Chemist: 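Handing you a structure now.
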2 protein chains.
Amino acid sequence: MATHPFDEALELSPGDAGTLTGKTSPDWANMVGPFGGMTAATLLRAVEVQPERLGHPVALTVNFTAPVADGAFDVRATAVRTNRSNQHWSVELSQDGEIKTTATAVFGHRRDTWADIERQRPPAPGPEEVPAEGLPEAIVWARNYDMRHVDGAPPLDGQPRPSSASTLWVRDSRGRAMDYAALTAFSDIFYPRVYRRLGAPLPAGTISMTAYFHADAPEIASVGDDFILGRAQANRFAGGYFDQSAELWSRSGDLLATTHQLVYFKT
Amino acid sequence: MATHPFDEALELSPGDAGTLTGKTSPDWANMVGPFGGMTAATLLRAVEVQPERLGHPVALTVNFTAPVADGAFDVRATAVRTNRSNQHWSVELSQDGEIKTTATAVFGHRRDTWADIERQRPPAPGPEEVPAEGLPEAIVWARNYDMRHVDGAPPLDGQPRPSSASTLWVRDSRGRAMDYAALTAFSDIFYPRVYRRLGAPLPAGTISMTAYFHADAPEIASVGDDFILGRAQANRFAGGYFDQSAELWSRSGDLLATTHQLVYFKT
């Protein structure tokens with residue numbers, strides 16, 4: 001069986017002096033370099049494969065410092081601190097010795113505690129009732145996903161909108177099962193919120209992205225290849241930057257992750 | 001004139017081999033070690049004082065890897081990447097060679113672009129109409145702030161609440177003017193949301209905190225020593241962790257910053 005394109009792009013081999021080496025995949029191409037969600041997933045995976053890794057992902061921040069060029073890259077993951085129930089990591093992706101992406105990650109054990117989902121899931125009809133309407137075909141990486149916008153599909157009419165919010169069902173188009181790496185990539189599937197406000201695409205790119213993983217491993221596994229519901233909205237646009245807050249829900253109503261990002265844009 | 005306690009705690013002196021040295025201040029003591037907001041502000045300041053620093057803060061993520069002990073500490077700020085309009089930093093706080101806090105920061109120039117505050121400011125009466133009701137006197141660092149809870153004051157009655165939200169006016173109690181370091185500290189002033197849900201304090205601590213700075217320098221300066229309006233709410237509590245999303249507003253209606261954190265707790 002052929003390897004799934006997501007797993008192919010995630011593949012890391014042991015390199016020199018504790019580094020891992022990987023390479024970009026044409027299946028995950030974005031306007032400049034690879035889809036940021038794929039890069040973020042790769043940095044998370046670089047921690048997951050470490051023998052001394054403790055528990056599962058809890059928090060991840062990825063900083064996109066420079067565009068990743070097509071081709072090979074090196075990743076170095078360093079355990080900064082190991083506590084009894086959590087562990088802090090620092091990760092760097094470089095090409096020819098130049099740092100292109102950095103990340104910090106918190107991994108940890110989950111314990112049985114009082115629990116509650118306080119956030120309300122956005123109302124949405126089931127994915128079967130929503131037409132498959134995703135991003136334009138020109139966005140190569142988006143072909144890997146079956147996206148169904150409940151509201152806030154990419155604007156094609158040049159009309160500004162009063163709200164930047166989008167709600168969509170999304171799943172891997174080839175049925176790859178959910179895991180933390182996939183959830184990391186899903187955290188970055190929302191097109192830039194400024195497109196919606198101004199009614200047209202314009203230069204924009206994520207500078208820093210943070211994901212908080214709420215789901216434990218059994219909950220992640222129970223998603224399987226089903227749709228998840230995503231919702232994203234910006235809070236403020238100013239001085240060439242805006243932020244986006246987003247949430248990712250399982251069909252059964254679990255808040256799998258909350259995720260935030262800071263994006264630059266030009267008008 | 002005596003130095004303000006915030007500036008005293010922020011003070012960094014040149015140390016060996018490019019490090020800066022500082023020391024914790026008894027005025028900013030928390031349950032274990034100093035107030036995390038003060039530590040976060042110190043790491044931001046460590047970048048602000050670098051001669052090659054470009055522009056002003058845009059995004060900051062601070063990871064609290066281990067408790068900071070009372071006393072001296074070293075801070076090392078490294079410019080990871082300088083682009084035309086932004087710059088990525090990595091910062092480490094250590095004591096006796098042991099890393100206690102790490103951070104990544106994005107600084108950048110702000111440009112004149114289309115702008116909008118999409119988020120709605122929470123409704124609140126003016127701070128003069130709200131009684132000064134803050135955190136219990138035992139929380140030493142909180143004495144530095146004049147806090148006025150519009151809703152969601154710390155629960156003292158042992159009763160669980162259906163919502164973790166708190167809205168409060170807050171300002172420096174001695175009239176120190178706003179700057180990016182102060183705004184960083186304000187990002188962490190909210191008591192742990194799980195207290196409110198369960199109606200009582202319990203062991204809890206921030207693991208990772210991210211702040212997105214929306215205000216430019218003139219907007220920050222125009223706040224002066226006035227109250228700002230803060231609102232914080234959790235999204236999900238599970239497995240011994242919860243997240244909090246918060247916003248900080250000027251009285252005149254500008255969204256100064258949005259800020260998120262991942263907190264561990266025990267029940």
Side-chain angles (χ1 to χ4, degrees), chain A residues 58-59 61 63 65-66 80-81 83 85-86 88 90 92 98-100 102-104 106 108-119 162-164 193-194 197-198 207-208 210 212 214-216 219 233-243 245 247 254-255 258 260 262 264-267, chain B residues 58-59 61 63 65-66 80-81 83 85-86 88 90 92 98-100 102-104 106 108-119 162-164 193-194 197-198 207-208 210 212 214-216 219 233-243 245 247 254-255 258 260 262 264-267:
Chain A
V58 173
T61 293
N63 296 293
T65 60
V80 172
R81 173 93 190 186
N83 294 311
S85 66
N86 68 39
H88 288 263
S90 169
E92 281 181 3
E98 195 184 339
I99 295 173
K100 301 293 185 75
T102 66
T104 58
V106 183
H109 293 308
R110 288 177 165 83
R111 289 164 292 104
D112 199 28
T113 55
W114 175 80
D116 188 57
I117 299 176
E118 182 165 329
R119 184 97 182 159
S163 163
S164 69
R193 301 295 92 198
V194 68
R197 290 302 308 276
L198 298 183
I207 297 179
S208 185
T210 288
Y212 298 139
H214 300 296
D216 62 15
E219 211 176 313
Q233 186 161 13
N235 296 303
R236 183 174 178 186
F237 304 82
Y241 304 98
F242 70 88
D243 68 331
S245 283
E247 47 203 84
D254 288 327
L255 181 57
T258 42
H260 311 279
L262 199 281
Y264 87 88
F265 73 100
K266 282 183 192 167
T267 53
Chain B
V58 172
T61 293
N63 297 293
T65 59
V80 172
R81 172 93 189 183
N83 295 311
S85 67
N86 68 39
H88 289 264
S90 169
E92 281 182 4
E98 196 185 337
I99 295 172
K100 300 293 184 75
T102 66
T104 58
V106 183
H109 293 307
R110 288 178 164 84
R111 289 164 292 104
D112 199 29
T113 56
W114 174 80
D116 188 58
I117 299 174
E118 183 165 330
R119 184 96 181 159
S163 164
S164 68
R193 302 294 90 199
V194 68
R197 290 303 307 277
L198 298 182
I207 297 179
S208 186
T210 287
Y212 298 139
H214 300 296
D216 62 14
E219 211 176 313
Q233 185 161 12
N235 295 303
R236 185 173 178 186
F237 304 83
Y241 303 98
F242 71 87
D243 69 331
S245 283
E247 48 205 84
D254 288 327
L255 181 57
T258 44
H260 311 281
L262 199 281
Y264 88 87
F265 72 101
K266 284 184 192 167
T267 53

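Reminder, nothing fancy here: chain letters follow the sequence lines and each chain counts from 1. Every value quoted in this text rests on a predicted model; they were computed, and no experiment measured them.
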Chemist: Tell me, for B:Glu219 versus chain A, whether the close heavy atoms (under 4.5 Å) come from the side chain, the backbone, both or neither.
Modeler: side chain
Chemist: Which bit of A:Asp216 comes within less than 4.5 Å of chain B, counting heavy atoms only: side chain, backbone, both or neither?
Modeler: neither
Chemist: Heavy-atom distance under 4.5 Å to chain A: side chain of B:Gln233, backbone, both or neither?
Modeler: side chain
Chemist: Relative to chain A, which segment of B:Ala238 carries a heavy atom at a distance below 4.5 Å: side chain, backbone, both, or neither?
Modeler: both
Chemist: Less than 4.5 Å to any heavy atom of chain B: does that hold for the side chain of A:His88, its backbone, both, or neither?
Modeler: side chain
Chemist: When you compare the side chains of A:Asn63 and B:Thr104, does any donor N or O come within less than 3.5 Å of an acceptor on the partner?
Modeler: yes
Chemist: Heavy-atom distance under 4.5 Å to chain A: side chain of B:Ser164, backbone, both or neither?
Modeler: both
Chemist: Could you look at A:Ser245 and say if it's the side chain, the backbone, both or neither that has a heavy atom under 4.5 Å from chain B?
Modeler: side chain
Chemist: Taking side chain as everything from C-beta outward and backbone as N, CA, C, O, which of these in A:Thr210 sits under 4.5 Å from a heavy atom of chain B? Side chain, backbone, both or neither.
Modeler: both
Chemist: Does the A:Arg111 side chain pair with the main chain of B:Phe265, one donor and one acceptor, at a distance under 3.5 Å?
Modeler: yes
Chemist: Among A:Ala59, A:Gly240, A:Ser90, which residue forms the greatest number of heavy-atom pairs with chain B at distances under 4.5 Å?
Modeler: A:Gly240
Chemist: Output yes when a side-chain donor or acceptor of B:Thr267 lies under 3.5 Å from a complementary backbone atom of A:Trp114, and no otherwise.
Modeler: yes
Chemist: Is a side-chain N or O of A:Thr65 found less than 3.5 angstrom from the main chain of B:Arg81, in a donor-acceptor match?
Modeler: no
Chemist: Using a cut-off of under 4.5 Å for heavy-atom pairs, which of A:Asp116, A:Thr258, A:Ile117 has the most such pairs with chain B?
Modeler: A:Asp116
Chemist: Most heavy-atom pairs under 4.5 angstrom with chain B, which of A:Arg119, A:Glu118, A:Arg193, A:Lys100?
Modeler: A:Glu118
Chemist: Counting heavy-atom pairs closer than 4.5 Å to chain B, which one of A:Val80, A:Asn235, A:Val106 comes out on top?
Modeler: A:Asn235
Chemist: Where does B:His260 contact chain A at under 4.5 Å (heavy atoms): side chain, backbone, both or neither?
Modeler: both
Chemist: Highest number of heavy-atom pairs under 4.5 Å with chain B: which of A:His214, A:Arg110, A:Glu98?
Modeler: A:His214
Chemist: Among the options A:Pro162, A:Gly239, A:Ala103, pick out the one with the most heavy-atom pairs lying under 4.5 Å from chain B.
Modeler: A:Gly239
Chemist: Out of B:Asn83, B:Asn86, B:Thr113, which one racks up the most heavy-atom pairs below 4.5 Å with chain A?
Modeler: B:Thr113
Chemist: Determine the option with the most heavy-atom pairs under 4.5 angstrom with chain A, choosing from B:Thr102, B:Val194, B:Asp112, B:Ile207.
Modeler: B:Ile207
